[in-house]
A.B. asks: 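The structure's right below; bear with me while I get my questions together.
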Number of protein chains: 2
Amino acid sequence: MRLLPHPATEDIELTEVLRALADPIRLKIVARLATVGEMTCGEATDHLGVHKSTASHHHRALREAGVVYTKQEGRLKYISLRRYDLDARFPGLLDSVITASGDHRAVAASGERGRD
Amino acid sequence: MRLLPHPATEDIELTEVLRALADPIRLKIVARLATVGEMTCGEATDHLGVHKSTASHHHRALREAGVVYTKQEGRLKYISLRRYDLDARFPGLLDSVITASGDHRAVAASGERGRD
DNA sequence: CGCATTGTTTGACAACCACCAAACAATGCG
DNA sequence: CGCATTGTTTGGTGGTTGTCAAACAATGCG
């Protein structure tokens, strides 16, 4: 049910993934996905403090980099981490990033806007 | 002998590190440092295929993000990975990136011989 | 079908980035 | 001191990015 363009596992590139993760907003999305497993785009947007079009832009960036998988169900779109694929391609990378983003204020520090 | 501005270990930020690593040229530098341990800026530049001012720009980006340490000896400047600091702050991150960059050809573009 | 909900796309704009070239700075050597 | 070596800084340029607002598209409900 892949209605949206997702890169194949073998086409996921390291620099693309790193670039996708190198943004406070997107890191926030990833960190949240790591705990909730899955959420709708709208639910994700509510926790970001940016315009919905901006959130959509970030969701696409993550999807096109191969970091998240997006599936549609009715009017909603659910996003989730492509853990299996990422682990297969870049072992340990996602885990270390998620762990790092969960500690201290590594994420909040650069992207905070007092709206969390 | 820190003549150049290096961030303190606790000031190294995840997004900054990821941002620094999310570039093919800088990833190449990091991958090379992972094998040779230390090299001069000039030696690094020779393997990049970009202008020396561009290389200098990348070296600074890596240094300011806290990824590499730069020390001066005479006319030369040696750069090396801040493995210990990065491991302390973001366990496993650097290793996973180095491993990932070593696998596929994402990084290797110009013939280089690493001892791996 | 009409309409609200959910999310995307487009346009516009400011900020940033990678790159080169040339000038500059710092260091050591003769 | 004069000069070559090593690397940085500055200026300029084209491309990318993050952001919002507004229009658009798709879906399900009454």
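Keep in mind it's a predicted model, so treat the numbers as computed, not measured. Chain naming here is simple, since letters A, B, ... match the order of the sequence lines and numbering starts at 1 in each.
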A.B. asks: Measure the shortest side-chain to side-chain distance between A/His58 and A/Thr54 over non-hydrogen atoms and say whether it is less than 4.5 angstrom.
C.D. replies: yes
A.B. asks: Give the nucleotide from the list C/dG7, D/dT8, D/dT19 with an atom nearest to the side chain of A/Ile25.
C.D. replies: D/dT19
A.B. asks: Nearest whole Å is fine: how far is D/dT17 P from A/Leu62 CG?
C.D. replies: 13 Å
A.B. asks: Side chain of B/Thr54 only, please: which of D/dA22, C/dG7, C/dC19 is the nearest?
C.D. replies: C/dC19
A.B. asks: Tell me what A/Thr45 touches on the nucleic acid: a base, only sugar-phosphate, or nothing, going by heavy atoms under 4.0 Å.
C.D. replies: nothing
A.B. asks: Answer yes or no: does a side-chain N or O of A/Arg26 lie under 4.0 Å from OP1 or OP2 of D/dG18?
C.D. replies: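 For D/dG18, OP1/OP2 do have a side-chain N/O of A/Arg26 under 4.0 Å.
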A.B. asks: Any ion pair linking A/Asp95 and A/Arg83 (charged N to carboxylate O, less than 4.0 Å)?
C.D. replies: yes
A.B. asks: Once you round it to whole Å, what is the distance between C1' of C/dT8 and CD1 of A/Ile79?
C.D. replies: 14 Å
A.B. asks: Please report the closest heavy-atom contact between A/Ala65 and A/Ala20, naming both atoms and the distance.
C.D. replies: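 Here A/Ala65 and A/Ala20 meet closest at CB-CB, 3.6 Å.
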A.B. asks: Picking from B/Val17, B/Asp11, B/Ile12, what satisfies side chain to side chain contact (heavy atoms under 4.5 Å, CB included) with B/Arg89?
C.D. replies: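 Between B/Arg89 and the candidates, side chain to side chain contact (heavy atoms under 4.5 Å, CB included) is satisfied uniquely by B/Ile12.
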A.B. asks: Taking atom P of C/dG7 as reference, at what distance in whole Å does atom CG of A/Leu48 sit?
C.D. replies: 12 Å
A.B. asks: Return whichever of B/Asp23 or A/His59 has its heavy-atom-nearest nucleotide of DNA chain C closer to the 5' end.
C.D. replies: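 The answer here is A/His59.
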A.B. asks: Rounded to whole Å, how long is the line connecting atom CD of B/Gln72 with atom P of D/dG7?
C.D. replies: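 Rounding to the nearest Å, CD of B/Gln72 and P of D/dG7 are 9 Å apart.
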A.B. asks: Between the main-chain N or O of A/Thr70 and the side-chain N or O of A/His6, is there a donor-acceptor pair closer than 3.5 Å?
C.D. replies: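 Indeed, once roles are kept as given, a pair shorter than 3.5 Å links the two residues.
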A.B. asks: Determine the stems involving DNA chain D; a stem requires 3 or more consecutive pairs of the Watson-Crick or G-U wobble kind, each with both distances below 3.5 Å, and the answer is none if no such run exists.
C.D. replies: C:1-30 with D:1-30
A.B. asks: On DNA chain C, nearest-nucleotide positions of B/His57 versus B/Lys52: which is more 5'?
C.D. replies: B/His57
A.B. asks: 5'-most contact on DNA chain D: A/His51 or B/Leu76, nearest heavy atom basis?
C.D. replies: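 Comparing both residues, the 5'-ward one is B/Leu76.
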A.B. asks: Write down the distance between CZ (B/Arg60) and P (C/dC17), rounded to a whole number of angstrom.
C.D. replies: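 Those two atoms, CZ and P, are 10 Å apart.
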A.B. asks: Could you give the NZ-to-P distance, from B/Lys28 to C/dC19, as a whole number of Å?
C.D. replies: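 Checked: the NZ to P distance equals 10 Å.
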A.B. asks: Work out which heavy atom in B/Leu14 is nearest to a heavy atom in B/Phe90; give both atom names and the distance.
C.D. replies: N-CZ, 3.4 Å
A.B. asks: If you assign A/His58 and A/Arg75 each to the DNA chain D nucleotide with the nearest heavy atom, which residue ends up on the more 5' nucleotide?
C.D. replies: A/His58
A.B. asks: Please identify each residue that fulfils side chain to side chain donor-acceptor pair (under 3.5 Å) with B/Ser53, with sequence neighbours left out.
C.D. replies: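 By the side chain to side chain donor-acceptor pair (under 3.5 Å) rule, B/Ser53 matches B/His51.
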A.B. asks: Rounded to whole angstrom units, what separation is found between the CZ atom of A/Arg19 and the P atom of D/dG18?
C.D. replies: 9 Å
